[in-house]
Amino acid sequence: MNILTTLEELVLSGIDTLYSAKADVKTIQFQKTRKEFEGDFTLVVFPFLKMSKKNPEQTAEELGTYLLNNNKNIVSFNVVKGFLNIKLSDSYWINELKIISTDKLFGLKPANSSGKSIMVEYSSPNTNKPLHLGHIRNNLLGYAVSEILKANGHNVIKVNLVNDRGIHICKSMLAWQKWGNGATPESTGLKGDKLVGDYYVKFDQEYKKQIKELTDKGVDEKQAKEDAELIQEAREMLRQWEAGNIEVNQLWKTMNGWVYDGFDVTYKVLGVDFDKIYYESETYKLGKSIVLEGLEKGILIQKEDGSIWADLTADGLDQKILLRSDGTSVYMTQDIGTAHQRFSEFKLNDLVYVVGNEQNYHFQVLKLVLIKLGYNWAEHISHLSYGMVELPEGKMKSREGTVVDADDLIADMIDTARQTSEELGKINDFTGDEATKLFKMIGLGALKYFILKVDPKKTMLFNPQESIDFNGNTGPFVQYTHARIRSVIRKAEEAGIEQYIVGEENIKLSEKEQNLIKLVFEYPNIIAEAGNNFSPAIIANYIYELAKEYNQFYHDHSILKEDNIDIQKFRLSISTKTADIIKSGAALLGMEVPEKM
RNA sequence: GGUCGCAUAGCUCAGCUGAAUAGAGCAUCUGCCUUCUAAGCAGAGGGUCACAGGUUUGAGUCCUGUUGCGAUCACCA
């Protein structure tokens, strides 16, 4: 049984014995003992004063004595004001370490052990332009959250809903037709998504010119935006697409194909993947029948022009259109349909949408409408709403050319990793392939950690001028610590030193050793907490703390040169475990860690 | 205007269900490589936790209000 559970039960029985009172488990608060005091766990005794009818110190003293007498793992306690600090024996911790020492999956729940299936939708790009830094945050979050949910024993289905249809892609298509001269990724050497994105920009430039021509003639701006020939043509193209025009469809397929080839490259470098890819062109008509059914049941309302709405004013929201007067769908309609389809097709317990916080309202409405329509599963929809990535001058604007391109950023990171590694002379004995692999690992590690260490829901700032750090609270720091440990372990193996185990229960642990071993045992809780909160940041901050703690231990103690063989084996063992956890935690963030760096 | 979110060191960020003197990193300054990887370790300075009330034995954390910033409220997605 978990030591904290044991202690909790002991506190309950202690209160019963000492004060003839029944305490609620929820009032028992064990927390980590602060560094400045001696102890492993601290019980806050204030909640029990009413039962003991004594002052905090006395109550803590009595409870401490009770605990000490009733659990052999407790070696001592001390009382500071209303805080009871409890210290467990070194041998307890060492024994615990032994138990997990050969368990490579320590902290992770067995695959599918929870019996729950959770679908995570993420990425969901538009196909008219390349991915940028904002998409990177989405992709890294979606992937990491999926991995964390798996580590919590859930069956996870990662899906991507590609927005492959609509006016935006028609703009690129039209511009390509007009000004492309048959350009292809092959003929230009451009990545497919970049090529298509260039024509999207071209469209916007030409469109603006037309608007200006009109406004110069005295047309007001709003009207000019409507009247401009290009936008008319783009809309006509969308109509033809919907009508199934063969030529338009052919072009659409071709250009989307280029984009997918480009995306695949970016996804592969980022290391994200999907179990299923949905395309809006195949799902955009879903949901219509559900809406009509809702109308029949009187849950939804129809206006005079025939449009169908959900009236959410009673819930403090507005009215929301679900079917236009011409009977066509809006985005919300599709989401209603796809959610329904997914829950029935995959027997989902939960459905998580990784989508930016600009769509908070959308998901609030989606859930509410589904609940009103009577779907019980709607309660199990959640929106992992993440904050925007901003630049020092504010939001990224594609029109102002301030977007940070995903591929460029990744390439920069890898290049910085190369430069830094060369300067530090770290790769002198690496083969070319090994070095290339390492640069990629470090560059991406820096980027991923930088993004994921921030609480998802918060807006984060990225300053392109100050490239992402490689020192301090960073991915490379964590990677370095892993490499450092592995290096010691390799040397131990070469020297034929046994890692495990027997006999070292009686050694005395130093403060650094105690701190490290305690931190190691927090890993399972960290995974659970990260899963409950959909927060990779919790994992990131933990593995940083662990790496930092290890480096202190490493600095103060020698391992291979330690004379006492029991101490040496213990240190080797705790080192191995630390490396395992760093590797495991990093993997949950989609980060790889090197054996050498 | 309505709704929602955010505000912690010069900068970037931690701070889980309230609890001890609010923590890291970067930047600045100072030490530590003939010793298992110095992408490391140690130390110094740096805070009215936006502001004002309230609840509580106890508030950065909960409630109310104010200010500032952001998002959103389309027959857009």
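Here the structure is a predicted model, which means the values were calculated and not measured. Just so you know, these numbers use all the heavy atoms, side chains as well, and skip hydrogens, waters and symmetry mates.
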Exercise. Would you call A/Asp455-A/Lys458 a salt bridge at under 4.0 Å N-O?
Worked result: no
Exercise. Between the side-chain atoms of A/Thr42 and the base atoms of B/A20, is any donor-acceptor pair under 3.5 Å?
Worked result: yes
Problem set entry | Whole-Å C1' distance, B/A20 and B/G60 | 15 Å
Exercise. Tell me, do A/Ser575 and A/Ile559 make a side-chain contact under 4.5 Å, heavy atoms counted?
Worked result: yes
For this session: Using a heavy-atom cut-off of under 4.0 Å over every strand shown, decide if A/Glu423 touches base, sugar-phosphate, or nothing.
Result: nothing
For this session: Answer yes or no as to whether B/A19 has its base stacked against A/Phe46, where stacking requires a ring-centre separation under 5.5 angstrom and planes under 30 degrees apart.
Result: yes
Problem set entry | Sidechain N-carboxylate O distance under 4.0 Å for A/Lys518, A/Glu522 | no
Exercise. The side chain of A/Gln552 lies closest to which of these nucleotides: B/A42, B/U37, B/A77?
Worked result: B/A42
Problem set entry | C1' spacing across the pair B/G23 / B/A14, given as an integer number of angstrom | 7 Å
For this session: Whole angstrom is fine here: how far is it from OH in A/Tyr550 over to P in B/A39?
Result: 15 Å
Problem set entry | Nucleotide nearest A/Tyr331 (side chain, heavy atoms from C-beta), chosen from B/G23, B/A77, B/A39 | B/A77
Exercise. Mind telling me whether B/C33 is syn or anti, cutoff 90° either side of 0?
Worked result: syn
Exercise. If only side-chain N and O atoms of A/Lys491 are considered, is one of them under 4.0 Å from the OP1 or OP2 phosphate oxygen of B/U37?
Worked result: yes
For this session: Using a heavy-atom cut-off of under 4.0 Å over every strand shown, decide if A/Thr481 touches base, sugar-phosphate, or nothing.
Result: nothing
For this session: Name the nucleic acid region contacted by A/Phe470, choosing base, sugar-phosphate or nothing; use a 4.0 angstrom heavy-atom cut-off, strictly under.
Result: base
Problem set entry | Pairwise C1' distance for B/A77 and B/A9, with rounding to whole Å | 41 Å
Exercise. Would you find a donor on one side and an acceptor on the other, under 3.5 Å apart, between the side chain of A/Gln568 and the backbone of A/Leu560?
Worked result: yes
Exercise. If you measure from the C1' atom in B/U66 to the same atom in B/A27, how many Å do you get, rounded?
Worked result: 34 Å
Exercise. How would you label the contact of A/Asn532 with the nucleic acid (heavy atoms, under 4.0 Å): base, sugar-phosphate, or nothing?
Worked result: nothing
Exercise. What integer number of Å spans the C1' atoms of B/A42 and B/U48?
Worked result: 31 Å
Seminar exercise, completed: Side-chain atoms of A/Lys548 come closest, of B/A77, B/A14, B/G25, to B/G25
Problem set entry | Parallel, tilted or perpendicular: ring planes of A/Tyr523 versus A/Tyr542, cut at 30 and 60 degrees | parallel
For this session: Decide, yes or no, whether a salt bridge links A/Glu422 with A/Arg418 under the criterion of side-chain N to carboxylate O below 4.0 Å.
Result: yes
Exercise. Among B/C36, B/G40, B/A24, which nucleotide sits nearest the side chain of A/Tyr544?
Worked result: B/A24
Seminar exercise, completed: ring pair (Phe, Tyr, Trp, His ring centres under 6.0 Å) filter on A/Trp252, not counting sequence neighbours, yields A/Trp241
Exercise. With respect to the side chain of A/Met597, which nucleotide from B/A39, B/G40, B/C73 is positioned closest?
Worked result: B/A39
Exercise. Contact class for A/Ile442 vs. all strands (heavy atom < 4.0 Å): base, sugar-phosphate, or nothing?
Worked result: base
Exercise. Checking all strands, does A/Gln364 fall into the base, sugar-phosphate, or nothing category for heavy-atom contacts under 4.0 angstrom?
Worked result: nothing
For this session: Decide, applying a 5.5 Å centre-distance limit and a 30° plane-angle limit (both strict), whether A/Tyr554 stacks on B/G40.
Result: no
Problem set entry | Lys/Arg N to Asp/Glu carboxylate O, A/Asp40 vs A/Lys32, below 4.0 Å | no
Seminar exercise, completed: Pairs under 3.5 Å (Watson-Crick or G-U), crossing ones as [ ], inter-strand ones as |: RNA chain B comes out as (((((((..((((.....[...)))).(((((.......))))).....(((((..]....))))))))))))....
Exercise. Counting any heavy atom closer than 4.0 Å, what does A/Thr474 reach on the DNA or RNA strands: base, sugar-phosphate only, or nothing?
Worked result: nothing
Exercise. Which part of the nucleic acid does A/Glu280 contact within heavy-atom distance under 4.0 Å: base, sugar-phosphate only, or nothing?
Worked result: sugar-phosphate
Exercise. Is A/Glu511 salt-bridged to A/Lys87, cutoff N-O under 4.0 Å?
Worked result: no
Problem set entry | Distance below 4.0 Å between A/Arg324 side-chain N/O and B/A74 OP1 or OP2 | no
Problem set entry | Separation of the P atoms in B/C63 and B/U56, to the nearest angstrom | 16 Å
Problem set entry | Donor/acceptor link under 3.5 angstrom from A/Asn551 side chain onto base of B/A39 | no
For this session: Please report, rounded to the nearest Å, how far the P atom of B/G25 is from the NZ atom of A/Lys453.
Result: 11 Å
Problem set entry | Among B/C36, B/A19, B/A14, the nucleotide that comes nearest once only the side chain of A/Asp455 is considered | B/A14
Exercise. Contact class for A/Val454 (heavy atom, under 4.0 Å): base, sugar-phosphate, or nothing?
Worked result: sugar-phosphate
Exercise. The side chain of A/Arg484 lies closest to which of these nucleotides: B/A38, B/C36, B/A77?
Worked result: B/A38
Exercise. Which nucleotide, B/A20, B/U72, B/A39, lies nearest any side-chain atom of A/Tyr361?
Worked result: B/U72
For this session: Describe the nucleic acid contact of A/Val330 in one word from base, sugar-phosphate, nothing, applying a heavy-atom distance below 4.0 Å.
Result: sugar-phosphate
Can you name the atoms? Protein N/O to nucleotides 5-9 of chain B N/O, anything below 3.5 Å, with the distance.
unit_1	atom_1	unit_2	atom_2	d
B/A7	OP1	A/Lys458	NZ	3.3

Exercise. Is any NZ, NE, NH1 or NH2 atom of the basic residue among A/Arg235 and A/Glu226 found under 4.0 Å from an Asp or Glu carboxylate oxygen of the other?
Worked result: yes
Exercise. If you measure from the P atom in B/U64 to the same atom in B/C6, how many Å do you get, rounded?
Worked result: 13 Å
Exercise. Does the side chain of A/Arg486 get closer than 4.0 angstrom to OP1 or OP2 of B/U37 through an N or O atom?
Worked result: no
Exercise. Considering only the C1' atoms, how many Å lie between B/A19 and B/U61, rounded to the nearest integer?
Worked result: 11 Å
Exercise. Does A/Lys426 use its side chain to pair, donor to acceptor, with the backbone of A/Thr420 at less than 3.5 Å?
Worked result: no
For this session: Give one of base, sugar-phosphate or nothing for A/Ile559, where a contact means two heavy atoms less than 4.0 Å apart.
Result: base
Exercise. A/Glu529 has a side chain; which of B/C36, B/C73, B/C16 sits nearest to it?
Worked result: B/C16
Exercise. Hey, is A/Lys437 close enough to A/Glu434 for a salt bridge, meaning N to O under 4.0 Å?
Worked result: no
Exercise. Centres of the A/Tyr550 and A/Phe553 rings: under 6.0 Å?
Worked result: yes
For this session: Pick base, sugar-phosphate or nothing for A/Phe450, based on heavy-atom distances below 4.0 Å to the nucleic acid.
Result: nothing
Problem set entry | Residue whose closest nucleotide on RNA chain B lies nearer the 5' end, A/Ser307 versus A/Phe462 | A/Phe462
For this session: With side chain to side chain contact (heavy atoms under 4.5 Å, CB included) as the test, would you mind laying out the steps for A/Tyr554 and A/Val488 before giving the verdict?
Result: CA-CA 10 Å; A/Tyr554 179 90; A/Val488 174; 3.8 Å; yes
Exercise. Could you state the CG-P distance from A/Asp556 to B/C33, rounded to the nearest angstrom?
Worked result: 15 Å
Problem set entry | Residue mapping more 5' on RNA chain B - nearest nucleotide basis, A/Lys32 or A/Gln319 | A/Lys32
Problem set entry | Closest nucleotide among B/C41, B/U37, B/A19 to the A/Arg490 side chain | B/U37
Exercise. Just checking A/Asn85: base, sugar-phosphate only, or nothing, at a heavy-atom cut-off of under 4.0 Å?
Worked result: base
Problem set entry | Under 3.5 Å donor-acceptor pair, A/Lys596 side-chain atoms to B/U37 base atoms | no
